[in-house]
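Chain naming here is simple, since letters A, B, ... match the order of the sequence lines and numbering starts at 1 in each.
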Amino acid sequence: MKSEPSCYSIDDLKREKRGPWDGVRNYQARNFMRDDMQVGDRALFYHSNASDTGVVGEMEVASEAYPDPTQFDRKADHYDPKVTKNNPRWFLVDVSFVQKFPKTVTLHELKNDPFFKNMLLTQKGMRLSVQPVSKKHFEKILRTALS
DNA sequence: GCCAACGTTGGC
DNA sequence: GCCAACGTTGGC
């Protein structure tokens with residue numbers, strides 16, 4: 001799950017312990033949260049547009065999917081004038097902090113390791129902000145981060 | 001800040 | 001339904 005650290009970082013989540021992953025306005029990303037995530041699933045926190053772009057920590061899915069409240073909020077950055085309370089379009093899950101890695105596993109590292117060749121994240125033009133990670137990739141990233 | 005790669009919108 | 005124009009993402 002990607003976020004620009006200037007907007008919301010792993011340190012913000014560490015401080016807050018738990019929070020809604022709001023602001024996602026892409027159908028595919030929404031579908032992954034709404035349809036494929038379950039409470040207790042692990043997720044990776046990725047810093048995009050950062051000085052050190054890459055995976056910075058681990059979190060846990062802490063809620064079922066529910067409508068993103070910011071879509072109804074006229075003053076929110078991601079307000080969507082086309083939705084109504086009875087007909088929400090955007091969904092999110094809450095996430096809770098698990099750990100911040102002692103070192104970032106950078107996008108550069110992932111792209112340079114053939115093991116991650118087929119990972120969605122490393123594909124050209126891939127900018128989906130919420131995307132699935134295979135177990136083997138997830139575990140290798142954990143091992144790399146903690147080694 | 002640039003810009004390539006996507007995604008969305010809306011005229012037709 | 002096509003596709004040009006526009007908006008966004010995100011690496012660099």
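- Between A:E4 atom CD and C:dT8 atom C1' the separation is 10 Å, expressed in whole Å.
- With sequence neighbours excluded, no residue forms a side-chain hydrogen bond (donor to acceptor under 3.5 Å, both in side chains) with A:D73.
- If you measure from atom CG of A:L128 to atom C1' of C:dT8, you get 13 Å, rounded to the nearest angstrom.
- Under 3.5 Å, the side chains of A:N86 and A:T84 contain no donor-acceptor pair of N or O atoms.
- Of the residues near DNA chain B, A:N49 and A:M126, the one whose nearest nucleotide (by heavy atom distance) lies more toward the 5' end is A:N49.
- Ion pairing of A:D11 with A:K14 is absent here, as no side-chain N (NZ or NE/NH1/NH2) approaches a carboxylate O to less than 4.0 Å.
- Straight-line distance from the NE2 atom of A:H47 to the P atom of C:dT9: 17 Å, rounded to whole Å.
- What separates CD of A:Q28 from C1' of C:dT9 is a distance of 14 Å, to the nearest Å.
- In this structure, A:T122 contributes its side chain and A:F116 its backbone to a donor-acceptor pair below 3.5 Å.
- A:E16 and A:Y8 are linked by a side-chain donor-acceptor pair at a separation below 3.5 angstrom, with hydrogens and angles left out of the test.
- Listed in residue order, the members of residues 78-88 of chain A having a heavy atom less than 4.0 Å from DNA chain C come to none.
- Remark: side-chain polar atoms of A:Q131 are paired, donor with acceptor, to backbone N or O of A:L121 under 3.5 angstrom.
- Rounding to whole angstrom units, CZ of residue A:R25 and C1' of B:dT9 are separated by 17 Å.
- Within the 4.0 Å cut-off from OP1 or OP2 of C:dG11, at least one side-chain nitrogen or oxygen of A:Y46 is found.
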Listing time: all N or O pairs from protein to nucleotides 4-7 of chain C that are below 3.5 Å?
none

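- In this structure a side-chain-to-backbone donor-acceptor pair under 3.5 Å is present from A:H137 to A:F115.
- In this structure, the CD atom of A:E109 is 15 Å from the P atom of C:dG11, given to the nearest Å.
- When the P atom of C:dG11 is taken as reference, atom CG of A:D52 falls 12 Å away, rounded to whole Å.
- Nucleotide C:dG11 holds its P atom 14 Å from the CD atom of A:Q123, rounded to whole Å.
- Side-chain nitrogen and oxygen atoms of A:K2 include at least one within less than 4.0 Å of the OP1 or OP2 phosphate oxygen of C:dG10.
- Between the side chains of A:S129 and A:R25, no donor N or O sits under 3.5 Å from an acceptor N or O.
- A donor-acceptor contact closer than 3.5 angstrom links the side chains of A:W90 and A:D80.
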